[in-house]
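Quantities reported herein were computed from a predicted structural model and do not represent experimental measurements. When reading the values below, keep in mind they use all heavy atoms of this one structure, side chains included, and skip hydrogens, waters and symmetry mates.
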Amino acid sequence: FPSHDTKRLVSVEKRFLINLVSDSPLILVWTSIYYLWHYIELGTKTEIQKVRLEGMVKELELKTIKSGSVYIHSQGGVNRYDLRSSRLFNVQSANVDAIAYGASGLWLAEGNRLYLYKNNKKELYLALDPVDAHIRILRETSEKRLIIGTLASGVYIADPNKKVRKVIQNISRIVTG
């Protein structure tokens with residue numbers, strides 16, 4: 001015969017429900033703190049990203065205002081829109097894979113070749129090796145380094161002395177910045 005009182009025995013289901021009800025306020029408080037913390041943290045990160053984006057847009061607007069021109073890359077090549085005269089000028093017809101405007105001037109990519117367009121002149125700046133390193137994306141950093149994304153040969157960085165190094169290998173189909 002059992003040595004304990006059978007009237008005091010509680011089933012596992014009832015014990016679970018009693019514990020759940022008694023612990024619910026504590027679980028609710030901690031869950032609320034957890035979600036509130038993450039909501040605030042996410043909001044802060046979003047605000048920081050928004051401020052950074054606004055800064056980049058302002059910087060781009062200032063560059064555009066200083067130059068007085070906006071460069072447009074299309075299927076027909078590259079055009080320059082003069083903000084002062086509201087006129088459109090052709091820079092180059094066709095064969096342009098990517099463009100970027102930076103402190104050094106307008107960068108044009110054709111296949112594996114990179115050109116600098118400045119003072120209405122286009123000069124070869126460098127050619128990537130291998131020949132099949134088709135340039136698709138260009139970005140100039142504030143330190144005047146060029147970040148070059150290719151279709152199938154990875155990502156390169158070219159410094160102001162034209163020294164090129166591959167920074168990401170085995171990546172393909174880079175198509176947008």
Side-chain angles (χ1 to χ4, degrees), residues 38-177:
H38 285 288
Y39 177 76
I40 291 170
E41 187 178 21
L42 177 65
T44 304
K45 285 182 182 178
T46 303
E47 282 298 314
I48 291 170
Q49 289 172 345
K50 183 179 175 185
V51 168
R52 284 184 183 157
L53 180 60
E54 287 172 355
M56 287 174 27
V57 168
K58 293 283 184 199
E59 182 182 341
L60 181 60
E61 287 174 351
L62 287 174
K63 284 181 183 179
T64 302
I65 291 169
K66 282 182 184 178
S67 74
S69 298
V70 175
Y71 291 93
I72 303 164
H73 181 209
S74 68
Q75 288 179 341
V78 178
N79 296 297
R80 180 178 65 86
Y81 181 75
D82 189 316
L83 295 168
R84 294 179 185 99
S85 68
S86 298
R87 293 183 58 203
L88 193 64
F89 300 95
N90 184 270
V91 172
Q92 179 173 331
S93 297
N95 296 330
V96 177
D97 297 314
I99 70 168
Y101 188 76
S104 302
L106 177 66
W107 297 100
L108 304 168
E110 297 174 18
N112 73 323
R113 291 193 160 99
L114 184 61
Y115 297 89
L116 179 58
Y117 181 83
K118 196 170 187 176
N119 301 324
N120 295 323
K121 291 182 183 178
K122 177 180 139 184
E123 295 181 15
L124 180 64
Y125 186 77
L126 61 85
L128 290 180
D129 205 24
V131 176
D132 65 345
H134 298 284
I135 299 169
R136 291 293 183 253
I137 296 177
L138 295 169
R139 294 292 181 264
E140 183 178 12
T141 68
S142 56
E143 298 88 24
K144 294 189 177 182
R145 289 188 180 107
L146 285 171
I147 300 170
I148 305 166
T150 65
L151 183 62
S153 299
V155 178
Y156 299 81
I157 292 182
D159 68 19
N161 299 320
K162 300 182 183 181
K163 291 182 182 173
V164 179
R165 64 185 170 94
K166 188 182 267 191
V167 292
I168 301 176
Q169 299 184 48
N170 302 326
I171 189 169
S172 64
R173 297 286 177 200
I174 297 174
V175 292
T176 186

Under the side-chain contact (heavy atoms from CB on, under 4.5 Å) test, residues paired with [X] that sit two or more places apart:
X: S104; answer: W107, L116, E140, K144
X: E41; answer: W37, H38, K45
X: N120; answer: Y117
X: D82; answer: R80, R84, S85, F89

message: Applying ring-ring contact (aromatic ring centres under 6.0 Å, His included), can you list everything that pairs with Y156, at least two apart in sequence or on another chain?
response: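 Checked Y156 against ring-ring contact (aromatic ring centres under 6.0 Å, His included); zero matches.
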
- Quick one: salt bridge (Lys or Arg N to Asp or Glu O under 4.0 Å) pairs with a partner in residues 146-167, sequence neighbours left out?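 Not a single pair qualifies under salt bridge (Lys or Arg N to Asp or Glu O under 4.0 Å).
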
Inset, instruction - Just grab all the salt bridge (Lys or Arg N to Asp or Glu O under 4.0 Å) pairs involving residues 94-105, residues at least two apart or on different chains. - result: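 Residue pairs with at least one partner in residues 94-105: D97-R136.
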
[X]: what forms a side chain to side chain donor-acceptor pair (under 3.5 Å) with it, not counting sequence neighbours?
X: K122; value: Q92, E110
X: E143; value: T141
X: N112; value: none

Might you work through the side chain to side chain contact (heavy atoms under 4.5 Å, CB included) test for I72 and L88, ending with a clear yes or no?
CA-CA 10 Å; I72 303 164; L88 193 64; 4.2 Å; yes

Does any non-hydrogen side-chain atom of L146 lie less than 4.5 Å from one of L126?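 When only atoms from C-beta onward are counted, L146 and L126 do not touch, as no gap falls below 4.5 Å.
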
From CA spacing to verdict: side chain to side chain contact (heavy atoms under 4.5 Å, CB included), I99, L106:
CA-CA 7 Å; I99 70 168; L106 177 66; 4.3 Å; yes

OG-CD1 distance between S153 and I168, expressed to the nearest 0.5 angstrom |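 It comes to 13.0 Å.
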
Practice prompt. Hey, could you give me the CG/CD distance between L42 and E47, rounded to the nearest 0.5 Å?
Written response: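 CD of E47 is found 10.5 Å from CG of L42.
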
Please identify which of these residues, V155, I147, I148, meets the side-chain contact (heavy atoms from CB on, under 4.5 Å) condition with V167.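 Testing V167 for a side-chain contact (heavy atoms from CB on, under 4.5 Å) against V155, I147, I148 leaves exactly one candidate, V155.
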
